[in-house]
Amino acid sequence: MSCYCPNWMNESPLEVPINLDHQSDLLKGPEIVHVSKFYKEGIEGKFLSNIAPDARTLYETFRKGAKVSNNGKCLGWRENISKPFQWIHYNETLLRARNFGSGLLGLGFPKANQIFIGIFSQNCPEWILTEQAAYCFSMVVVPLYDTLGPEACSFIINQAEIAVVVVDTDEKCNQLLDRSPKCLRRIIVIRGTRPSTSQKAKNRGVELLTFDEVEKAGASKTFPEQPPKPTDLCTICYTSGTTGLPKGVMLTHGNVVAAVSAILVQLSQYRPSVGDVMISYLPLAHMLERCCEVGTMNIRITRTSRLTSIMSHAHRTACTWSEVRLVFTVEI
C-alpha cells in the first residue's frame with residue numbers, strides 16, 4: 001500500500017501521525033483493489049501499461065536505449081579491478097545478440113509454441129547478450145539462481161522443458177550434468193570446460209558448445225527476427241527454493257514494462273536521469289535486478305546502464321551502459 005504526501009515534491013518532512021486519507025485509493029467492488037494516488041487515472045480503472053509507445057516490450061526498450069543514446073556505450077567489463085573497463089556500444093551489442101539468437105535457432109529445437117532458454121550464470125555481458133538474443137526471436141528466458149542446488153536446477157529444467165542452458169563456468173556445467181533431465185540437450189559454456197567435463201557430457205548425451213561457437217554460427221547464418229508482442233511471455237521467474245521446490249511465475253513483456261513504468265511514474269523527478277550512476281547489487285536472476293535494468297532503458301535518458309558485475313573469484317567485471325550512465329555493480 002502506498003502513501004501519498006501532497007508536498008513531497010517540495011521535500012517537506014513527513015508528518016506523524018500519517019493522514020490515512022493520503023494512502024492508496026480503493027476501487028469499488030468486492031476485490032479490494034488498491035490503486036496508487038500517483039496515477040490519477042487508476043481510480044477510474046485505467047491502469048498504466050507503458051510510458052513510451054515505442055517501448056512496450058523488452059525487445060523495444062533495449063532498442064529505445066540504443067536510439068536515445070545515439071549508439072552509446074552499452075556493455076563493459078574488466079579482467080580485474082586494477083585494469084580499465086573495455087566497452088562495446090549499443091549497435092555492436094544488438095548485432096551480437098542477434099547473431100547469438102540466430103545461432104540458438106540454428107541448433108534446432110523440437111516444434112513447440114515457445115522456446116525456453118535457461119541462464120545459469122553470474123552477471124556478465126553474456127547474460128545480457130543471451131537475454132536480448134532470446135527477445136530477438138520471442139524466446140522465453142528462464143534464469144537459474146547461483147545458489148540453487150543440483151536438485152532444484154534439475155527440477156526447473158525438467159518442469160520448463162528447457163533444452164538449452166547457458167552457463168558461465170565449468171563448475172556449473174558439471175552441476176547440471178550430475179542430474180541432467182532428459183529434456184536438456186545442450187549446454188553453452190561462456191568460459192570453456194575441462195576435457196573431463198566434455199567426456200561426462202558425451203556420456204550423458206548432452207552436447208557442449210562454447211558461447212563464441214554459437215555466436216559465430218549465427219553470424220554466418222542469420223534468421224529473420226521475430227519480435228515479441230506485449231502479451232507474449234518473456235520470462236519464467238522461479239523462487240530461490242528456500243521453501244521447498246522452486247515455484248515459477250510466468251511474466252509477459254507487458255507485465256514487466258508496466259511494473260517498471262509504474263515505478264518510474266512514482267519516482268517522478270527523482271527517477272534516474274542523465275549523469276546518474278546506478279549500482280546493481282542483486283544477481284540478474286532476481287526479477288528486481290532485471291526491472292532496474294529495464295528502467296534504465298525505459299526513461300527519457302538513454303541506456304547508459306553500466307551493468308557492472310564484480311566477480312571476485314573470477315576476477316572479471318561486467319558492465320552495461322545507457323545514456324544515463326546507470327552503472328550496475330554486483331559483488332559476488
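Proximity of Glu126 to Glu131: side-chain heavy atoms (C-beta onward) are nowhere separated by under 4.5 Å. A 4.5 Å side-chain heavy-atom check between Cys234 and Val141 finds every atom pair outside the cut-off. Side-chain contact between Thr93 and Gln132: absent, with no pair of heavy atoms (C-beta onward) separated by less than 4.5 Å. A 4.5 Å side-chain heavy-atom check between Arg290 and Val256 finds every atom pair outside the cut-off. The side-chain heavy atoms of Cys124 and Ile190, taken from C-beta on, include a pair separated by under 4.5 Å. Residues Leu95 and Asn99 form a side-chain contact, since some pair of their non-hydrogen atoms from C-beta on lies under 4.5 Å apart. Using a 4.5 Å cut-off on side-chain heavy atoms (C-beta onward), Leu105 and Met139 make contact. Side-chain contact check for Val164 versus Ile188: some heavy-atom pair is nearer than 4.5 Å.
Between the side chains of Arg56 and Thr61, no donor N or O sits under 3.5 Å from an acceptor N or O.
With Ser220 contributing its side chain and Ala217 its backbone, the two residues share a donor-acceptor pair below 3.5 Å. Checking side-chain atoms of Asn123 against main-chain N and O of Leu284 turns up a donor-acceptor pair under 3.5 Å. At least one donor-acceptor pair under 3.5 Å links the side chain of His286 to the backbone N or O of Leu288. Remark: the backbone N or O of Lys247 is paired with a side-chain donor or acceptor of Thr239 at under 3.5 angstrom. Looking at Asn50, its side chain never comes within 3.5 Å of a backbone N or O of Ala55 through a donor-acceptor pair.
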Leu144 and Ile119: CA distance, side-chain angles, deciding distance, side-chain contact (heavy atoms from CB on, under 4.5 Å) verdict: CA-CA 6 Å; Leu144 302 173; Ile119 306 179; over 6 Å; no
Pair Phe62-Ile128, side-chain contact (heavy atoms from CB on, under 4.5 Å): steps then yes or no: CA-CA 10 Å; Phe62 199 89; Ile128 300 298; 4.2 Å; yes
Steps toward side chain to side chain donor-acceptor pair (under 3.5 Å) verdict (Asp170, Thr197): CA-CA 7 Å; Asp170 179 86; Thr197 304; 2.6 Å; yes
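Other residues, nucleotides and ligands place no more than 12 heavy atoms under 6.0 Å from the CD atom of Glu151. Enclosure of atom CD1 in Ile32 is not indicated, since only 12 or fewer non-hydrogen atoms of other residues, nucleotides or ligands lie within 6.0 angstrom. Heavy-atom contacts from other residues, nucleotides or ligands closer than 6.0 Å to CD of Gln159 number more than 12.
The salt bridge (Lys or Arg N to Asp or Glu O under 4.0 Å) analysis of residues 80-108, with sequence neighbours excluded, yields the pairs Arg96-Glu215, Arg98-Glu225.
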Kindly list each side-chain donor-acceptor pair under 3.5 angstrom involving residues 204-213, sequence neighbours excluded, with atom names and distances?
{"unit_1": "Arg204", "atom_1": "NE", "unit_2": "Leu177", "atom_2": "O", "d": "2.8"}
{"unit_1": "Glu207", "atom_1": "OE1", "unit_2": "Arg186", "atom_2": "NE", "d": "2.8"}
{"unit_1": "Thr210", "atom_1": "OG1", "unit_2": "Glu213", "atom_2": "N", "d": "3.1"}
{"unit_1": "Glu213", "atom_1": "OE1", "unit_2": "Thr210", "atom_2": "N", "d": "3.0"}

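Residues that satisfy the side-chain contact (heavy atoms from CB on, under 4.5 Å) test with Asn255, not counting sequence neighbours, are Leu251, Thr252. The ring pair (Phe, Tyr, Trp, His ring centres under 6.0 Å) test applied to Tyr59 returns no partner, not counting sequence neighbours. Lys221 meets the side-chain contact (heavy atoms from CB on, under 4.5 Å) test with Phe223; sequence neighbours excluded. Residues satisfying the side-chain contact (heavy atoms from CB on, under 4.5 Å) criterion with Pro181, sequence neighbours excluded, are Ser154, Ile157, Asn158, Cys183, Leu184.
To the nearest 0.5 angstrom, Cys153 atom SG is 12.5 Å from Tyr145 atom OH. Distance CG/Leu176 to CD/Glu171: 11.0 Å, rounded to 0.5 Å.
Of all non-hydrogen atoms in Gly101 and Ala133, the two that sit nearest each other are N-CB, 3.5 Å. Of all non-hydrogen atoms in Thr193 and Ser198, the two that sit nearest each other are OG1-OG, 3.6 Å.
Under 4.0 Å is where a charged nitrogen must lie from a carboxylate oxygen, and between Asp178 and Lys200 at least one such pair does.
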